[in-house]
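First the structure, in the form of structure tokens, and then the observations on it.
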Amino acid sequence: MSDLLFAAEPRQRDIARELYTLARDLPLISPHGHVDPGLLAGDEPFPDPARLLIVPDHYVTRMLLSQGIPLAQLGVPSRTGAEVEQDPRVIWRLLAENWYLFRGTPSRLWLERTLSAVFGVDERLGPDTADQLYDTIAERLTEPEFRPRALFERFGIEVLATTESPLDDLSRHAKLAADGWGGPGGRVITTFRPDDVVDLEFDGWAGNVARLGEITGEDTATYSGYLAALRSRRQAFQAAGATSSDHGHPTARTVRLSPSDAAKIFERGLRGTASAADAETFRAHMLMEFARMSIEDGLVLQLHPGAVRNHNKSLYAVHGRDVGGDIPRATDYVHDLAPLLDAYGNDPRLRVVLYTLDEDVFSRELAPLAGGYAALYLGAPWWFLDSPDGLRRYRDAVTETAGFYNTAGFADDTRAFCSIPVRHEVARRADAAYLARLVAEGRLPLDEAAETIADLAYHLPKKVFRL
Amino acid sequence: MSDLLFAAEPRQRDIARELYTLARDLPLISPHGHVDPGLLAGDEPFPDPARLLIVPDHYVTRMLLSQGIPLAQLGVPSRTGAEVEQDPRVIWRLLAENWYLFRGTPSRLWLERTLSAVFGVDERLGPDTADQLYDTIAERLTEPEFRPRALFERFGIEVLATTESPLDDLSRHAKLAADGWGGPGGRVITTFRPDDVVDLEFDGWAGNVARLGEITGEDTATYSGYLAALRSRRQAFQAAGATSSDHGHPTARTVRLSPSDAAKIFERGLRGTASAADAETFRAHMLMEFARMSIEDGLVLQLHPGAVRNHNKSLYAVHGRDVGGDIPRATDYVHDLAPLLDAYGNDPRLRVVLYTLDEDVFSRELAPLAGGYAALYLGAPWWFLDSPDGLRRYRDAVTETAGFYNTAGFADDTRAFCSIPVRHEVARRADAAYLARLVAEGRLPLDEAAETIADLAYHLPKKVFRL
Amino acid sequence: MSDLLFAAEPRQRDIARELYTLARDLPLISPHGHVDPGLLAGDEPFPDPARLLIVPDHYVTRMLLSQGIPLAQLGVPSRTGAEVEQDPRVIWRLLAENWYLFRGTPSRLWLERTLSAVFGVDERLGPDTADQLYDTIAERLTEPEFRPRALFERFGIEVLATTESPLDDLSRHAKLAADGWGGPGGRVITTFRPDDVVDLEFDGWAGNVARLGEITGEDTATYSGYLAALRSRRQAFQAAGATSSDHGHPTARTVRLSPSDAAKIFERGLRGTASAADAETFRAHMLMEFARMSIEDGLVLQLHPGAVRNHNKSLYAVHGRDVGGDIPRATDYVHDLAPLLDAYGNDPRLRVVLYTLDEDVFSRELAPLAGGYAALYLGAPWWFLDSPDGLRRYRDAVTETAGFYNTAGFADDTRAFCSIPVRHEVARRADAAYLARLVAEGRLPLDEAAETIADLAYHLPKKVFRL
């Protein structure tokens, strides 16, 4: 078995390998991610290698962009009508020529391991192998074993949570349920992600709120109707298997407004007269409301703060959201979460999973908070941080203060379905390597490390996310 | 000898072991901590195992709290009259059942090493060993060798500084002096910690200031009388052996007010009309005053900024201060300390020891400051950071800029008397491991590393704290 | 060959040694630094050992200052007329007596390796060897092989960029060009550093602007004449070989002012009525202007933000600038650079190299920015961070997000000519050690690591700095 990601020192490496073996074959729990549920509902063959592995992966496209290659040359869809490369082989070759840029990055690791473990391709990607690899993968994609559901089984996924807006009609999840793949306790479940109806600054917010009314039959022209509509959608999401909500806010701010003050901002939003401060206050208030709803209905509340969305404005203008133009920012949790924690922080019915893009807060804020409030769990390293060294720094920064059992297990958080196994493999290897160091340094007996690696890989995420 | 905390690589590990051997048996210098002086003054037997090792240790109780176990079940005294578990064996069993939560934490290391080195107990704590361990420890506690003074001698402590308010009558230190244990140059000394008479936001500040007047015979209804009273108490503390003061402020802010402006805020404080900004300004001003007093009387000034006190408000409401409800916050030293450094930063008569809960500032702010001002020393990693990996990251972050000799040596900062030896052991092992890496990488000759480990463990804290 | 800075584990160490061998003998590219060009223009012998190795090196003098040794005792020139030690042997002995303070610091490494590799001195510095070492070095300095140009050749420097103000007449670079050493593509080139005519808070700014007018023949009493004068000097600098500009600002702020608003602030500056906010806004605006000029003339724009200049005020009062009294501060890049990136961030004609003193931003801000904008490159760890562990933490923090090819290669940034080889050696060793870990952990094939180490050491800085 490969020793990928284990320290070079032989004794410590042996321990890491032994621990990893205990986690390697456990089923995958994917409690948070962005896979398109239509993929599994429809179970159609994947398109070509480029549209499977390059075009939708903003880790890959942003690296090429950073070296001056416009996304249009990479086939990333444009919303301005600008011309975009259509030939997948041309896109694939462009990646192959620039593959050296990815040395030392997790993207390289993920793609290479995916090619090897999923497609059986072990040649190194490069200008001279590009066509051969392309042909091999393209051929595989036509075979029934490479359809999404077949891969899902092969990957050993026990449960996969996708992420949808309250405006989603959940028809894809209904199809999955009808096929025995979805619904409460099912293999593919949804997650309630209401940003587009909560964030007054979201493009088309007022229209979204109106649609929310139509879908639910509530009068969302009023604040109380709006709250009722959200509650109603949460129930529908739970019927589609959801066990958690997810909130992507610029900051972690929380605040308790009176209902009438909240209603006033809501109405300014509908009239189009809300300020940026209004929007921030309303998001902060709604987090409190969602925490209260969570206490009622049991959805785990996930919070993903700290991204400056669409920082690369010209990218956004041409290609829209989620194409690699977001940038992290410094994030405060200690003051911003105080109102929520004052109200509900010691309430064991509430469960909040906190993520961050700002790893400086792991030891200073997040580990002390998760290690001191019953409601808080520390989410896995997110986005730029879910890499081998990011995962190592995370355990190094948080374990001594929060232990292992205030963390929530790994969340792959990916749109790239085929990368799910390798992402979990990397996380399990990184945890094995970390635990092996504790064992080698005399800080943890081997039998307890063995129990812990299985908990981190499987039992803990199931428990924390109420799966 | 055990290789606890040393890197797995055999050559580096051999060097670490060799270095640690040179520090292992040096006397313990404990220049800052929170042991109750009454313990050593009275020299009574310790109570039961739970009240010795669990109830007062907020590292331990906050971890259990974070998993939903209320502090009342752990016997933590309540100030609301709420019922609290009284049976120490029940508390002990609760810890034993949840002992797995502490994997990878320094609390586990400290407790296990304490059980082994102090009480001779080597069985692993767990539900099935809980009663047996309890009985063994309880029995030991009745023996004369387990009284505080006997343990003090066994631990090899040369000097232990406790920490008292200016309102303390120092009678316990007088008893110690009478017994040949205290006074200037004695084995147990005090530290001047005036927060409760300096911080206008401290519960009962005005009453405290009045009491300060009674104790000193100064008229503390006036600002000048207040300053005179503080000077008077500093003298009394020096007579009780104090060589340092200690200041626990929300920020590191310093500011020079004119005497009349300071007096105005002081008077607003007495009248109960001071604002939060007044309180912050007054604390900042008083740090400048204390620096000036330090230059006069030679007390080393310790500054512990950056805790949000009683962040967990409901915990505070029921159980009061210092039960694990404080959380770190981002702290600025570069701008906040500028007024103090402009005035006294290059004055070698002043000695300021800076601590932090925000390890992000070690390389950016604290190492450059300590490596560039004669008056500044860098205190040991504090609180959440005085762990094996916290200590490693500290040396890694500060040494290249500030060297070893602008650091102040280890301060255990503990209330838990029995954990003092293991805390120093961990610090000495961590320093040995760090120095061993420098030696193994060809960055420091072994003979100089050997001299350095002894300096860090013993000579440096004695010198920096003027002991 | 020595294994300095390589990890102790034998297999990983072997890989590091093999990789370092591939970089060791490549020519040195020094794209940014502060060597006095007069040194190489005049090619006079260096003065005594103290004035060569101690007096001008503020890393060395600040460490001694931090332990209470005034800079005057170290011969650092005073601008107040205060007496200053003149005897170089006395200064040298003072360093030797306090040499233990430098254990674990890069200053020790740099000085020892310089003594060994440049002067052939392998005895350890200390009180008993001080005189002997002094005499040996002093004697060497009289020999022709120790003149600056001879050392330049011996060091294997291919190109060295010095840094000058637009007010510099570039006569020293003209002399170098006349001797076949300078000019475009030459061995010694300049860098355009306009802080003293851009920063309204710079001592004597208005006078500097007037001189800028005299030098260029432009009317710098007007804002448009001022811009024309700057453009004119940039051309003159390019004629003296410059391929980059450099900007040392307190923050990374950028802002687009209208020409008339910019002119108003400029005029307030000339009249002496500009506020601190004016100065900050003007610096921010001028960065935008310089980016625009860079797109026109091709100079690479280097930005060095985040130093609080002359934090140690009494040091500044006596000894002036650049004597070790600056301190880093927290720096924001995500918001501050947004205006510049909105305007030019995806323009491949612009090249901006970002440095920082705040390593907390490496993973949170700088790697995501450099890995997401075509115009941005990440500069080498700067100042307090260009040490073995600083370099390691840098690669560890940035590589997974930005890769290797969005970094700009090593910049020694030094005034200390003789330390140039060892600084590059340390950087090459640190990169070899980092790459060796990737190889040992199965994350990068050895042949690609081999290609990468040569790129980092040589090809990448040449390309990024357009040399």
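Numbers restart at 1 for each chain; the letters A, B, ... are given by sequence-line order, proteins then strands. Side-chain atoms are counted along with the backbone in the values below, which use heavy atoms only and exclude waters and symmetry mates.
Atoms OG and CG, from B:Ser314 and A:Asp347 in turn, are 10.0 Å apart once rounded to the nearest 0.5 Å. Considering CG of B:Leu357 and OG of A:Ser363, their distance stands at 9.5 Å, rounded to 0.5 Å. Atom OG1 in A:Thr401 sits 8.0 Å away from atom CE in B:Met63 (nearest 0.5 Å). Atom CD of residue A:Glu400 and atom CZ of residue B:Arg108 lie 13.5 Å apart, to the nearest 0.5 angstrom. Distance CZ/B:Phe6 to CD/A:Glu441: 10.0 Å, rounded to 0.5 Å. B:Thr105 contributes atom OG1, which lies 10.0 Å from atom CG of A:Leu444 (distance to the nearest 0.5 angstrom).
With a 4.5 angstrom heavy-atom cutoff, A:Asp360 touches chain B via backbone and side-chain atoms both. Both the backbone and the side chain of B:Tyr100 come within less than 4.5 Å of a heavy atom of chain A. For A:Ala402, the part lying near chain B is the backbone, with the side chain staying farther off; criterion is any non-hydrogen pair under 4.5 Å. Interface remark: B:Phe102 contributes no atoms to any contact with chain A (heavy atom separation under 4.5 Å). Neither the backbone nor the side chain of A:Arg395 has a heavy atom closer than 4.5 Å to any heavy atom of chain B. Only the side chain of A:Asp342 comes within less than 4.5 Å of a heavy atom in chain B; its backbone stays farther off. Interface remark: B:Ala330 contributes backbone and side-chain atoms alike to the contact with chain A (heavy atom separation under 4.5 Å). In this structure, the portions of B:Leu65 lying under 4.5 Å from any heavy atom of chain A include both its backbone and its side chain. With a threshold of 4.5 angstrom between heavy atoms, A:Tyr434 approaches chain B through side-chain atoms but not through N, CA, C or O.
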Salt bridge (charged side-chain N to carboxylate O under 4.0 Å, His left out) evaluation trace for B:Arg329 with A:Asp332: CA-CA 9 Å; B:Arg329 53 178 283 179; A:Asp332 170 281; over 6 Å; no

Full working for salt bridge (charged side-chain N to carboxylate O under 4.0 Å, His left out) between B:Arg103 and A:Glu451: CA-CA 11 Å; B:Arg103 288 174 187 160; A:Glu451 198 176 298; 3.1 Å; yes

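Using a 4.5 Å heavy-atom cut-off against chain B, the contacting residues of residues 456-467 of chain A are A:Lys463. Proximity to chain B at a heavy-atom threshold of 4.5 Å picks out A:Arg364, A:Glu365, A:Pro368, A:Leu369, A:Ala370, A:Gly371, A:Gly372, A:Tyr373, A:Ala374 from residues 364-374 of chain A, in numerical order.
Smallest separation of non-hydrogen atoms from A:Pro445 and B:Arg124: CB-NH2, 3.5 Å. For the pair B:Ala8 and A:Gln12, the tightest heavy-atom approach, listed with the atom from each and the gap, is CB-OE1, 3.3 Å.
For the options A:Val361, A:Asp455, A:Asn346, heavy-atom pairs under 4.5 Å to chain B are most numerous at A:Asn346. Contact count against chain B (heavy-atom pairs under 4.5 Å) is highest for A:Asp396 among A:Leu435, A:Leu438, A:Asp396. Between chain A and the options B:Pro106, B:Gly390, B:Pro388, the largest number of non-hydrogen pairs under 4.5 Å is found for B:Pro388. Ranked by non-hydrogen atom pairs under 4.5 Å with chain A, the options B:Ser387, B:Ala433, B:Gly68, B:Pro10 are led by B:Ser387. Contact count against chain B (heavy-atom pairs under 4.5 Å) is highest for A:Asn406 among A:Leu376, A:Asn406, A:Leu341.
In this structure a side-chain-to-backbone donor-acceptor pair under 3.5 Å is present from B:His311 to A:Val334. Remark: side-chain polar atoms of B:Gln67 are paired, donor with acceptor, to backbone N or O of A:Tyr405 under 3.5 angstrom.
No more than 12 heavy atoms of other residues, nucleotides or ligands shown are found within 6.0 angstrom of CD on B:Glu83.
A heavy-atom distance below 4.5 Å is not found between the side chains of B:Ile327 and A:His335. Using a 4.5 Å heavy-atom threshold, the side chains of A:Arg11 and B:Arg13 count as touching.
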